[in-house]
Every structure is written in structure tokens, then in C-alpha cells.
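Please read these numbers as outputs of a predicted model, since none were measured by experiment. Numbered from 1 within each chain, the chains take letters A, B, ... in sequence-line order.
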Amino acid sequence: MYGNDFAPLLEQVDSAERDLQQAAGRDVAAGADLQGYFDTIVAADQKIEPRDWMPEAYRKTLIRQIAQHAHSEIIGMQPEGNWISRAPSLKRKAILLAKVQDEAGHGLYLYAAAETLGISRDELVEMLIDGRQKYSSIFNYPTLTWADVGAIGWLVDGAAIVNQVPLCRCSYGPYARAMIRVCKEESFHQRQGFEILHTLSHGTPEQKAMAQDAVDRWWYPSLAMFGPPDGDSTHSERSMAWKIKRFTNDELRQRFVDMCVQQAGILDLRIPDPDLRWDEARGQHDYTQPDYDELMRVIKGDGPCNQERMEHRRRAHSDGAWVRAAARTYAEKRAKNAV
Amino acid sequence: MLFEVFIRPRRGLSHAHVGSLHAPDAEMALRNARDVYTRRQEGVSIWVVPATEITASSPDEKDAFFAPAADKVYRHPTFYDVPEGAAHI
């Protein structure tokens with residue numbers, strides 16, 4: 001439906017952006033009542049904008065999804081931030097710094113998009129910190145070696161991109177526009193990870209073993225990033241009807257597996273799945289599903305690093321309190337003196 | 001304070017809305033906007049405007065609000081018949 005699934009990422013994002021502009025130019029004969037107007041706009045692939053009427057459940061679903069996405073970007077800075085001071089060269093360090101700064105930026109674009117739905121930044125930060133809202137379970141796994149930075153870029157960012165490119169076509173305007181920005185920047189993230197792994201796998205035997213070990217540990221958690229299988233996914237159907245979501249969890253997971261197999265060949269690294277094979281009839285790969293019980297345990301808080309990630313986030317927030325207070329006081333003082 | 005951010009991508013183009021951010025004052029908002037919205041040379045000029053200072057038309061009354069323009073086709077050049085042979089018009 002959206003052309004070649006394997007078209008380069010940036011082309012897919014550009015085409016989402018073009019379609020957005022084209023759809024906006026189409027005249028729609030909108031229904032007279034509020035629900036009718038909403039339905040017509042969504043059906044015509046146009047965008048719902050902040051001050052438009054929308055069903056309350058649509059608003060709530062979006063707040064939950066965009067907030068979780070924003071929190072993931074912010075928590076996602078931690079596993080990689082862990083390696084900034086130990087990057088193997090100045091070049092790698094500068095790149096990693098830029099990448100982690102991007103994650104902060106992505107978190108901010110997304111918080112800004114969530115705020116257009118009538119929730120405040122303070123509430124969102126609060127809900128992350130007190131655990132009422134979640135972030136992606138993938139960030140509860142540890143980064144044990146430098147190769148993990150490569151595996152995160154290739155697999156975790158790769159999976160995120162497969163998830164996020166369709167979101168550039170989401171029916172809610174501010175979210176779609178934020179995702180276009182995010183996706184354009186993410187492509188550098190995935191490539192830098194791929195390059196790290198490629199360098200390691202073509203280095204010494206120890207370096208290659210380190211790269212393979214990282215891929216072995218990140219493969220299944222990355223597959224789990226797409227969420228539970230379609231049959232168990234509670235929100236999928238409604239989100240698809242609202243065009244918040246464009247593909248099911250299993251469709252996206254399959255697309256990711258098919259992409260990775262070819263790339264693993266170039267990396268000369270093995271995907272840790274003995275049952276991975278091409279299915280001629282389906283035109284797709286058969287593969288082993290991730291452990292969904294583990295996914296549920298990690299989401300509920302029992303992953304290797306849940307506690308550490310949350311403690312770090314709370315500490316960073318409280319340690320920064322004096323900076324926020326100082327900036328506010330300074331602004332107030334200047335405003336007063338200016339009168 | 002919530003600020004809306006507008007960026008001029010290149011000289012000769014208009015500023016366009018890119019998103020929003022929080023800052024204690026306009027000066028900090030400008031600095032934050034530079035870090036959040038122009039990490040890849042996306043702009044040569046930034047405006048920040050307190051969100052509360054923006055007055056917006058309401059989407060609910062948009063039909064009536066914009067209706068006066070709908071029946072004035074003579075505002076478009078395509079409304080007029082240009083005789084065969086008239087140049088530069």
C-alpha cells in the first residue's frame with residue numbers, strides 16, 4: 001500500500017510528508033455533526049489538529065501513546081549515555097554524544113505534541129517518575145560492552161524505525177509532524193550502530209566475538225519491542241480504525257526480521273535463531289517468537305535495570321530542581337527590573 | 001512558560017511553526033529552541049512567542065468565519081476572460 005516496504009527510510013518519510021501535503025489540499029464533504037466531521041477527516045487521510053473536536057478515547061489513547069514514546073526517548077538516553085565516557089575514540093565519543101542529544105530532542109518534540117492534547121509537561125514528567133506511565137521495555141536491559149552501543153543502533157533503533165515510519169502517517173497532525181522530524185534524524189542512529197558492528201566484526205577475533213555476543217543478547221528483546229502478538233494486543237484494532245496505527249504488531253515484527261537477515265549477512269554476524277529460514281510460499285522468513293512472558297515481566301517492573309533506570313531519572317530530576325528554580329527566579333527578577 | 005517556536009529555514013523564506021518548548025523567559029526559550037529545533041542547520045532565524053499571547057480562530061466556527069471568501073471568485077485571475085492575442089496579462 002505504501003510502495004516498497006524496503007524503500008530507503010528517508011524516501012518513505014519523504015513520501016509520508018508529500019502525502020500529508022496532498023491530502024491537506026483535497027476538499028472533503030465533511031459531515032455536519034462533530035463525530036461525522038472527525039470520521040470524514042480521518043477517512044480522507046487528512047489530519048486532526050489540536051483544537052478540532054475528537055472522541056475522548058482518541059485523545060486519551062494518543063496521550064498515552066505519545067507520552068510513552070516521549071518517556072522512552074528520555075529513558076533511552078541512559079543505556080547509551082553509560083558509554084559516552086568510555087567510547088573507544090574521540091570520533092565515536094562525539095557521535096555518541098550527538099546521538100544521545102538527539103534522543104533528548106526527540107523526547108521534547110514528543111512531549112510538545114502530547115501537550116497539544118491538553119495535558120501539561122509537569123503532569124507527564126510526574127507520571128513517568130511515579131510509574132503511572134511506562135516507557136519501552138527495551139531500555140531495561142544493560143549495556144555491558146561497547147558492542148552493545150552498536151547493537152542498540154542497529155537493532156533497537158532499527159526496530160524503532162520500522163515502528164515509527166508508519167507513524168509519520170498518523171491521523172493526529174502534531175504527532176505525525178513530530179515523527180517526520182524524528183525519523184529523519186533516526187536514520188543516522190541506525191547507520192552509526194551498523195558501522196560500529198561492522199567495524200568490530202571485521203576486526204580481531206575478540207572484537208568479532210564481542211559484536212556477536214551483543215547481537216545475541218539484543219535480538220529477542222528487539223523483537224519484543226513490537227509488543228504482544230496481534231491476538232493479545234488490546235488496543236490495536238481501535239487504533240488502526242483511527243489511523244493512529246497503520247500496521248499490526250506482527251506485520252511490523254515480520255518486516256523487521258526480513259530486513260535484518262540481509263543486513264546480518266553483510267555484517268557477517270549470526271542472528272541467534274536456529275529456526276530462522278526463508279519460507280518460499282509466504283515470501284517471508286519463519287522465525288522464533290520472543291519470550292512474551294519475559295516481556296510482560298519487564299513491563300511490570302521486573303527487568304534487569306528497571307529500578308536503576310527509574311532511580312536515575314528521579315535523581316536527575318531532583319538534582320536539576322535548583323537549576324529550574326534559579327532560571328525561574330532570574331527571569332522573574334529581570335522582568336521586575338525591566339518595568 | 002510555554003513558547004511556540006517559528007523558524008526561517010533559509011533567507012528568503014517565511015518563518016514557519018515547528019513546535020513548542022518550555023522556558024522561564026524568552027531569552028532561554030531562544031537558546032533552547034536553537035538546541036531542540038536547529039541541531040542540523042534547519043534555520044537561520046528563530047522567533048519564540050509565549051503561547052498565551054497567541055489568539056487563534058476557533059475550528060468550530062470555521063465555516064462561518066471563512067465563508068465570506070467562498071463566493072468571491074472574481075478575486076482570482078482565472079475568473080476573467082482574456083481575449084485571444086492579448087500579451088503580458
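- Around atom CD of B/Q41, no more than 12 heavy atoms belonging to other residues, nucleotides or ligands sit under 6.0 Å away.
- Surrounding CE of A/M77 are more than 12 heavy atoms belonging to other residues, nucleotides or ligands, all under 6.0 Å away.
- Atoms CG and NZ, from B/D25 and A/K333 in turn, are 13.0 Å apart once rounded to the nearest 0.5 Å.
- The two residues A/R181 and B/V36 have their closest heavy-atom pair at NH2-O, 4.3 Å.
- More than 12 heavy atoms of other residues, nucleotides or ligands shown are found within 6.0 angstrom of CD1 on B/I54.
- One finds the CZ atom of B/R40 at 11.5 Å from the NZ atom of A/K184 (value rounded to the nearest 0.5 Å).
- Summarising the geometry of A/A331 relative to B/P24, their closest heavy-atom pair is CB-O, 3.6 Å, with the distance given to 0.1 Å.
- A/R334 touches chain B through its side chain: at least one heavy atom from C-beta onward sits under 4.5 Å away, while N, CA, C and O do not.
- The number of heavy-atom neighbours closer than 6.0 Å to CZ of B/R11, taken from other residues, nucleotides and ligands shown, is 12 or below.
- A/E195 pairs by the salt bridge (Lys or Arg N to Asp or Glu O under 4.0 Å) definition with A/R92, not counting sequence neighbours.
- Applying the ring pair (Phe, Tyr, Trp, His ring centres under 6.0 Å) criterion to A/W53, with sequence neighbours excluded, gives no partner residue.
- Remark: side-chain polar atoms of A/R51 are paired, donor with acceptor, to backbone N or O of B/S57 under 3.5 angstrom.
- Proximity to chain B is absent for every atom of A/E49, based on heavy atoms less than 4.5 angstrom apart.
- Residue B/A26 does not touch chain A at all, counting heavy-atom pairs closer than 4.5 Å.
- Looking at A/R177, neither its backbone nor its side chain comes within 4.5 Å of chain B, counting heavy atoms on both sides.
- When the candidates A/T116, A/D52, A/D102 are compared by the number of heavy-atom contacts under 4.5 Å with chain B, A/D102 comes out ahead.
- One finds the CZ atom of A/R121 at 8.0 Å from the CG atom of B/L2 (value rounded to the nearest 0.5 Å).
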